[in-house]
Amino acid sequence: MSRSADVDAPLGASDPHTTTRRAARTRFAPSPTGFQHIGGYRTALFSWLLARHTGGQFLLRIEDTDTARTVPGAVEAVIDGFRWLGLEIDEGPEVGGPYGPYFQTQRRDLYLAHAEQLIAGGHAYRCFCSPERLERVREEQRSRGEPPRYDRHCRYLAPKDIAARLAEGQGYTVRLACPTTGKTIVHDALRGDIAFENASLDDRVLLKSDGLPTYHLAHAVDDHLMEITHVLRAEEWIPSAPLHVILYDALGWEPPVFAHVPDVLASQGGKKLSKRFGALPLLEYRERGYLPQAIVNYMALLGWSYDDKSNVLSLEQLIAAFDLDRVGVAPARYDEERLLWFNGYYIRQLSPEELVEQALPFMERSEAAGGLPDSVARPLDKAYAARVLHLEQERMKTLAEAPAMTSFFFERELRYEPQTLIAKHMDADRTLDGLRRSQATLEALAGWEATEMESRLRELVAELGLKPVQLFTSLRVAVTGRTVSPPLFETMETLGRDTSMQRITLAIEALAAHAG
RNA sequence: GCCCCCAUCGUCUAGCGGCCUAGGACAUCACCCUUUCAAGGUGGAGAUCACGGGUUCGAAUCCCGUUGGGGGUACCA
């Protein structure tokens, strides 16, 4: 039996939903009309976390009913994104599952059957109105200052009239017959009850004239049939949520728990993050040298928090801690700086092996693509690259910075202004002398260890009456070509004796020539 | 226009009536460490809790209103 929406008790008012106690089946249901960005994946992450936290399942369903806007490759990209983030999908395209198919275009008979059922039950009706008439009606309403809504022209068509049009072969859509009085209550797990006047509702199209369902019908049928318990979706769905409550009721079904998660705003302006406003497709972050752990940690904290202290949280910790009750309702702003901090943090946590594994592809890219200079032979020596990367590890904010940061370890020739060899409060002559004395000191060394070089050169610094920075700056530029580098002695050790000595010799020559 | 959502440091947030002279993180500033840059450590600045009314012995926390921002208003999702 289905409750009448026109009686006093508002629809949905007494649904006693708990949020996260039972095993949750959640889903992410994107339409393949573009590429998902952080906003979309954030909602998906919350859904995934809820499923994992409760020991339930997470499914991926493709809402491809808008065939005209479907973009090739979008489905693969979504799946690739989940794989990259480390969020495994329990049921969906590619992995399959007992509730498939997971593409809505392959489920049209299901929607058709339910549409018929709704019509038979008087909860929906066929609408023969042309798009032109619809537009005209809306225009008139607007000009009168009324909210544009379907005027329900076909809702009250006589049965024989309908039969006649059908016999004629007229096309039609199927619309939901909304109650016209009373209220419908949408229970939102994050915001509580939201009340809507039924009089303000619109009899939206459930089934398009091409026989494919709109989102309203399709998602309800699928979520019910797939036994989804919690629907997490963007807050833009709140306005149509009452329709969904009515629809579930008309179908005789218990609605799932709805949680409308807040938007993620673009870093500039007050607009929602989107392709137009500051959003990058998720996989673009991979190209730019971001680590999935950083993205996940950052996204989890956009609109959700564990307590007043926790900041760094692993996926495992997130699973253990996640709770719908701690998801906020206010929109959050996308903050690149914070993401970058997380990324640097997670890069620092990488083991030497993991770091090479992750960074090598960026270094071996072509020079034009941001890799090491093309003059450097590929493939790179892994062991050497590992040592080099380890030296730069704590300075890296993204993996994509690795090539520029480490190029002097690989290049044969350095290019720099001889002037930069001279440290502050130094002159060319004293620098030249320091360099020459250093050269002799290093030459006399039996081995080539950083600690050994350091103690010998520190003795030299004292002997010359200089400050460490005065001599080491020159050596640094000589050996790396830069004023900023990893610690000098480890750098020289890694570079090797031959290269280091050769560069110091070159620096002496260059400075001598420069000083005239 | 109409409907709906939201409102604590620049940003992400903690706070669910007294623990708050509002806590943490990013960013920022200073200092320490130090061969540069980072990383790390310490400390600082930064929020009249949008505003105005209530309720209460007591409000960032509850209620109402205002303002501001956002979303929806398709045979798109």
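A, B, ... follow the sequence lines: proteins, then strands. Residue 1 opens every chain. Excluded from the calculations below are hydrogen atoms, water molecules and symmetry mates; all remaining heavy atoms, backbone and side chain alike, are included.
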**Message:** For nucleotides 18-32 of chain B, give me one character per nucleotide, 5' to 3': B if any protein heavy atom sits under 4.0 Å from the base, S if the only such contacts are to the sugar-phosphate, - if neither.
**Reply:** -----BSBSS-----
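- Look at CZ on A/R142: it is 10 Å from C1' on B/A74, rounded to the nearest Å.
- Judged as a ring-ring contact (aromatic ring centres under 6.0 Å, His included), the pairs with a partner in residues 323-343 of chain A (not counting sequence neighbours) are, in order, A/W341-A/Y345.
- Atom NZ in A/K467 sits about 12 Å away from atom P in B/U35, given to the nearest Å.
- For the C1' atom pair drawn from B/C20 and B/A14, the interatomic distance equals 11 Å after rounding to whole Å.
- Atoms CG (A/L350) and P (B/A39) sit 17 Å apart, rounded to a whole Å.
- In this structure, A/E146 atom CD and B/C2 atom P are separated by 12 Å, rounded to whole Å.
- One cannot find a donor-acceptor pair under 3.5 Å joining the base of B/C75 and the side-chain atoms of A/T214.
- Between the side chain of A/R69 and the base of B/C76, at least one donor-acceptor pair of N or O atoms lies under 3.5 Å.
- B/G70 and B/A27 have their P atoms separated by 28 Å, with the value rounded to a whole Å.
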**Request:** Determine, step by step, whether A/Y346 and A/Y290 satisfy the ring pair (Phe, Tyr, Trp, His ring centres under 6.0 Å) criterion, reporting the C-alpha distance in whole Å, the side-chain angles of both residues, the deciding distance to 0.1 Å, and the verdict.
**Result:** CA-CA 9 Å; A/Y346 281 103; A/Y290 285 80; over 10 Å; no
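- Residue A/L340 contributes atom CG, which lies 19 Å from atom P of B/U11 at whole-angstrom precision.
- On the P atoms, B/U28 is 9 Å away from B/A39, given to the nearest whole Å.
- Only the C1' atoms considered, B/C76 is 33 Å distant from B/U67, to the nearest whole Å.
- Distance, A/F472 CZ to B/C37 C1': 16 Å, rounded to whole Å.
- At B/C75, one or more side-chain N or O atoms of A/R175 fall inside 4.0 Å of OP1 or OP2 (strictly under the cut-off).
- Spacing of P atoms, B/G10 relative to B/G46, comes out at 11 Å, to the nearest Å.
- Checked by distance alone, A/R395 brings a side-chain donor or acceptor within 3.5 Å of a matching partner on the base of B/C37.
- A residue-by-residue look at A/G145 and A/Y172 shows that A/G145 has its nearest nucleotide of RNA chain B further toward the 5' end.
- Remark: A/V329 engages A/L190, A/R191 in a side-chain contact (heavy atoms from CB on, under 4.5 Å) (not counting sequence neighbours).
- Remark: A/R348 is in phosphate contact with B/G40, judged by side-chain N or O atoms under 4.0 Å from OP1 or OP2.
- Rounded to an integer number of Å, the gap from CE of A/M405 to C1' of B/C37 is 8 Å.
- Distance check on atom P: B/G40 versus B/A25 gives 12 Å, rounded to whole Å.
- Nucleotides B/C16 and B/A74 place their P atoms 42 Å apart, quoted to the nearest Å.
- Distance CG (A/L460) to C1' (B/U35): 13 Å, rounded to an integer number of Å.
- Annotation: cation-pi pair A/R165/A/Y172 absent, no NZ/CZ under 6.0 Å from the ring centroid and within 45° of its normal.
- Pairs of residues two or more places apart, or lying in two chains, that qualify as side chain to side chain donor-acceptor pair (under 3.5 Å) and include a residue from residues 261-276 of chain A are A/E236-A/K272.
- Across all strands shown, A/L488 has heavy atoms under 4.0 Å from base atoms, whether or not it also approaches the sugar-phosphate.
- Rounded to whole Å, the separation between the C1' atoms of B/A22 and B/U8 comes to 8 Å.
- Within the structure, the side chain to side chain donor-acceptor pair (under 3.5 Å) test picks out the following pairs touching residues 27-39 of chain A (sequence neighbours left out): A/R27-A/D223, A/S31-A/T33.
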**Message:** How would you summarise protein contacts on nucleotides 61-73 of chain B per nucleotide, using B for base, S for sugar-phosphate only and - for none, with heavy-atom distances below 4.0 Å?
**Reply:** ---------SBSS
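- Comparing A/S209 and A/T473 along RNA chain B, the residue whose closest nucleotide (by nearest heavy atom) sits nearer the 5' end is A/T473.
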